[in-house]
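Just the heavy atoms: all of them, side chains too, but no hydrogens, waters or symmetry mates, feed the values below. Counting convention: from 1, in listed order, for ligands and their atoms alike.
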Amino acid sequence: MYGIVNKAIQDLITEGYGVEKWEAVKERSEIDIDYFLSNVPYDDAVTYKLAVAASEELGITVGEVLIAFGEYWILNTGKQKYSALMESGGDNLRDFLINLPNFHNRIMLIYPNLTPPEFRVSNVEERSLHLHYYSKRVGLQEFVRGLLQGLGKFFGVPVTIDLIQHRDDGFTNEIYKVIW
Ligand code: HEM
């Protein structure tokens, strides 16, 4: 994944727990990289190793790391560094999620070698919808949950997120029922 992702993990840990904790996570992950360049793609293994090392170092599950990271991505990386992009996604959570299938197309203009996730929406109601998540990567379901929680906070609405279909059960994708 692009360095900006790994950099955001670094910022999340540094801001939340201090620079020494980040150094400990980096050492535990055994990655041999001094600093990340945002617009350079790194092996996905780097990101996974950081998530596992952070979970061990902080004494929380990898899922909890990914949820925290998803929230951080929206409320810090998205809101602070890509505010125009976030605003272009919609004025409220419902519109933003309906527009989400096209969102990473615009990001590919900034990061041309992106391997983006794919999203589809169905069952759209006034206060809920089904979000279908397709990815070439495995193990990021809780990251999506964190992103959705972050979007709820971004738009100032409480959200409930139910994972109603999972690749572990033989399906091709996850489906989240998002209620607000
Ligand atoms: C300004 C906001 C955003 C930016 C700049 C951004 C950018 C990126 C980048 C650079 C990656 C790494 C992919 C790669 O390097 O190949 C990524 C992955 C991902 N993004 Fe976004 N993104 C944004 C918002 C969102 C939102 C709002 C969602 C969904 C709610 C989302 C869902 C994901 C997921 C799930 C992945 C993991 C890739 C996978 O599942 O295969 N992103 N994004």
Side-chain angles (χ1 to χ4, degrees), residues 1-12 31 33 36-51 62-63 65-122 124 128-157 159-163 165-168 171-180:
M1 290 205 232
Y2 271 99
I4 185 163
V5 174
N6 302 324
K7 219 162 174 282
I9 296 180
Q10 173 176 354
D11 292 345
L12 164 67
I31 56 164
I33 299 165
F36 299 109
L37 299 170
S38 291
N39 54 357
V40 171
Y42 293 81
D43 198 313
D44 279 1
V46 172
T47 311
Y48 285 100
K49 281 181 186 170
L50 286 176
V62 174
V65 171
L66 292 175
I67 289 174
F69 182 47
E71 283 205 19
Y72 185 88
W73 185 254
I74 299 297
L75 298 172
N76 294 269
T77 313
K79 201 169 166 179
Q80 286 168 15
K81 296 189 179 149
Y82 296 97
S83 55
L85 203 61
M86 287 299 293
E87 278 160 26
S88 74
D91 291 340
N92 53 62
L93 181 63
R94 186 174 184 270
D95 287 352
F96 193 95
L97 292 177
I98 290 171
N99 293 330
L100 191 59
N102 294 320
F103 194 79
H104 285 79
N105 294 348
R106 270 166 276 163
I107 297 170
M108 288 188 88
L109 302 173
I110 315 171
Y111 298 110
N113 294 316
L114 200 73
T115 306
E118 267 183 52
F119 292 101
R120 289 181 202 161
V121 289
S122 70
V124 179
S128 71
L129 55 70
H130 287 186
L131 183 70
H132 304 239
Y133 162 59
Y134 299 80
S135 174
K136 297 196 171 71
R137 302 181 172 99
V138 293
L140 298 180
Q141 292 79 14
E142 293 300 270
F143 178 49
V144 175
R145 183 186 293 280
L147 288 161
L148 292 169
Q149 286 180 192
L151 286 172
K153 289 184 181 167
F154 183 81
F155 288 109
V157 285
V159 283
T160 307
I161 300 147
D162 288 335
L163 186 56
Q165 177 179 298
H166 200 293
R167 269 180 278 172
D168 284 357
F171 296 100
T172 53
N173 64 290
E174 275 73 32
I175 302 178
Y176 301 81
K177 180 169 185 184
V178 188
I179 307 163
W180 60 89

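Atom CG of D91 sits in a sparse spot, with 12 or fewer heavy atoms from other residues, nucleotides or ligands closer than 6.0 Å.
Per-residue contacts place I107 under 4.0 angstrom from the following atoms of ligand 1 (heavy atoms of the residue considered): 3 (C), 4 (C), 5 (C), 6 (C), 7 (C), 22 (N), 23 (C). Within ligand 1, counting atoms from 1 as listed, the ones closer than 4.0 Å to a heavy atom of M1 are 12 (C), 14 (C), 15 (O). Interface of I74 with ligand 1, defined as ligand atoms under 4.0 Å from a residue heavy atom, comprises 27 (C). Near L85, meaning under 4.0 Å from any of its heavy atoms, are these atoms of ligand 1: 1 (C). Near V144, meaning under 4.0 Å from one of its heavy atoms, ligand 1 places the atoms 35 (C). Every atom of ligand 1 is numbered from 1 in the order shown, and the set under 4.0 Å from a heavy atom of S135 is 39 (C), 40 (O), 41 (O).
For the pair N173 and Q165, the tightest heavy-atom approach, listed with the atom from each and the gap, is O-NE2, 3.1 Å. Closest heavy-atom contact between L66 and A51: CD2-CB, 4.4 Å. Nearest heavy atom pair, residue Y176 against residue I161, reads CD2-CG2, 3.7 Å.
Closest heavy-atom approach to atom 14 (C) of ligand 1 within the set H104, M108, R137, Q149: this belongs to R137. Nearest-residue assignment for atom 7 (C) of ligand 1 (options Y2, Y111, W73, Y42; heavy-atom criterion): W73. Evaluated by nearest non-hydrogen atom to atom 24 (C) of ligand 1, the leading choice among F103, Y82, F96 is F103. Among P41, P117, G78, G70, the residue whose heavy atom lies closest to atom 34 (C) of ligand 1 is P117.
No part of I110 comes within 4.0 Å of ligand 1, judged by heavy-atom distances. The proximity of V5 to ligand 1, defined as any non-hydrogen pair under 4.0 Å, is limited to the side chain. The parts of T115 lying near ligand 1 are both backbone and side chain, judged by heavy-atom distances below 4.0 Å.
The protein atom (non-hydrogen) at minimum distance from atom 40 (O) of ligand 1 is Y133 OH, 2.5 Å. Regarding atom 10 (C) of ligand 1, its nearest protein heavy-atom neighbour is L114 CD1, 3.4 Å. Scanning the protein heavy atoms around atom 32 (C) of ligand 1, the nearest turns out to be L147 CD1, 3.4 Å.
Aromatic ring orientation, F36 versus Y42: perpendicular (interplanar angle above 60°, classes split at 30° and 60°). Classified by interplanar angle (parallel below 30°, tilted 30° to 60°, perpendicular above 60°), the ring pair Y134/H132 is parallel.
Residues V5 and W73 form a side-chain contact, since some pair of their non-hydrogen atoms from C-beta on lies under 4.5 Å apart.
No donor-acceptor distance shorter than 3.5 angstrom exists from the side chain of D43 to the backbone of V46, with no hydrogens or angles considered. Side chain of D44 to main chain of M1: a donor-acceptor pair is present (N/O by atom type, distance under 3.5 Å, no hydrogens or angles).
There is no side-chain donor-acceptor pair under 3.5 Å between T172 and R167.
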